[in-house]
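Atom set for the values below is all heavy atoms of this structure, side chains included, hydrogens, waters and symmetry mates excluded. The first residue of the sequence shown is numbered 1, and numbering continues consecutively from there.
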Amino acid sequence: MIAVSPLEKADLAAADCVFRLAFGTAIGLPEPLRFAEGAELVRPRWHADPGAAFKAEADGELVGVAFVARWGTFAVFGPLAVHPDYWDRGVGRRLWEARLPLLERWGTTAAGLFTRPEPKTVHLYQQFGFWPRFLTALTAKPLEQAAASEAAWSTFSALRAGERDACLDECRALTGALHPGLDLEREIRIVGGQGIGETVLLRGAESLDGFAVCHLGEGSEAGPGTCYVKFAAARAGAGAERRFERLLDACEELAAARGLTRLAAGVNTARHEAYRALIARGHRTLVHGVAMHRGNDPGFNRPGVYALDDWR
């Protein structure tokens, strides 16, 4: 018998173990529990929204875990991990069924997920209305020393308390132009609140030109020595390409200032211009996954969108 219920704070250590074991086994690591060593991918997601985290138990033992992230009217499903001893026993399906009611409760208009493009997983997600579209590239670039740039940037944590709400409104307006209702407030607040990263703010003459939510180093989703761009977006419209380049400059400068030697970022290849910009700057693809979209709605994975994320 499999019981599915909300993931509790006391479950986080067991959930982290199942997560690493499942993904480490899936990719064939000789020591699966060393998957994403030094990075934290379970705790930050639970703290961001405990009501969107679920566990599956068998005889009182945690054997599966699943999350949903709420980005305004856009929902990101994942990760979903099942203990290898319980693969092909319906645990993943039960965790899916627990998460789906959140979409209606939140008023979600679009949803997506990242997965390895394997027949079994793609087939499972299709049964819940998610369809494969373009590849997502997980990329990284070594950083030696950040060159001085014209990027005029600051950080969210440096703002005074009275300035933060106005800044979040600017970020919301910027992402809303990419997809109606897209809102990264939770991600912005969680990196600062947990001390695991920083949000870069790129200022233009009269408006916010872009922002990037970055996880920094060990204990975050980035891992040792790495700045991981969880989400980044440049303001749409004329000059977006140049704003995007300046935003990437700012991310590199932040990483160098924190003593980090690697910049990691994901990008969906449907955002062709953003993908090409990363490659031109020396990013190399480490892993390809496929983005699956609820109802086959492209969302903000389309040409002309200068944004980074990977939906893991």
Set of residues satisfying side-chain hydrogen bond (donor to acceptor under 3.5 Å, both in side chains) with respect to [X], sequence neighbours excluded:
X: D59; answer: none
X: R99; answer: none
X: E37; answer: R34
X: R105; answer: none

H179 and F74 aromatic ring geometry - parallel, tilted or perpendicular at 30°/60° bounds: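 Perpendicular.
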Looking at residues at least two apart in the chain, or sitting in another chain, which of them share a ring-ring contact (aromatic ring centres under 6.0 Å, His included) with [X]?
X: F130; answer: F77, W96
X: H283; answer: none
X: H215; answer: none
X: F35; answer: F19, F23

Under the 3.5 angstrom rule, does the side chain of [X] hit a backbone N or O of [Y] as a donor-acceptor pair?
X: R302; Y: P298; answer: no
X: T115; Y: T121; answer: no
X: D297; Y: R294; answer: no

Where at least one partner belongs to residues 269-289, residue pairs that pass salt bridge (Lys or Arg N to Asp or Glu O under 4.0 Å), sequence neighbours excluded: E245-R281, D249-R281, E252-R281, R271-D309
Under 4.5 Å side-chain linkage, directly or through intermediates, the cluster mates of L21: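 Hydrophobic cluster check, L21: joined to L33.
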Rounded distance [0.5 Å steps], [atom1] in [X] versus [atom2] in [Y]:
X: R312; Y: K230; atom1: CZ; atom2: NZ; value: 8.0 Å
X: R186; Y: L168; atom1: CZ; atom2: CG; value: 12.5 Å
X: L260; Y: C214; atom1: CG; atom2: SG; value: 10.0 Å

Contact check, side chains of V65 and D16, non-hydrogen atoms, under 4.5 Å: no
Pair R70 + D183: basic N to acidic O under 4.0 Å: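 Between D183 and R70 there is no salt bridge, as every charged N stays at least 4.0 Å from the carboxylate O atoms.
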R45 bridged to E221 by N-O distance under 4.0 Å: yes
Taking only distance into account, with no hydrogens and no angle test, what donor-acceptor pairs under 3.5 Å do side-chain atoms of residues 198-212 form with protein atoms, sequence neighbours excluded?
unit_1: E198; atom_1: OE1; unit_2: S157; atom_2: OG; d: 2.4
unit_1: E198; atom_1: OE2; unit_2: S157; atom_2: N; d: 3.3
unit_1: E198; atom_1: OE2; unit_2: S157; atom_2: OG; d: 3.4
unit_1: R203; atom_1: NH1; unit_2: E170; atom_2: OE1; d: 2.9
unit_1: R203; atom_1: NH1; unit_2: E170; atom_2: OE2; d: 3.0
unit_1: R203; atom_1: NH2; unit_2: E170; atom_2: OE1; d: 3.0
unit_1: S207; atom_1: OG; unit_2: R235; atom_2: NE; d: 3.3
unit_1: D209; atom_1: OD1; unit_2: R235; atom_2: NE; d: 3.3
unit_1: D209; atom_1: OD1; unit_2: R235; atom_2: NH2; d: 2.8
unit_1: D209; atom_1: OD2; unit_2: R246; atom_2: NH1; d: 3.2

Whether over 12 other heavy atoms sit under 6.0 Å from Q194 CD: yes
ring-ring contact (aromatic ring centres under 6.0 Å, His included): pairs with one or both residues in residues 101-121, sequence neighbours excluded: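 Sorted result for residues 101-121: empty, none.
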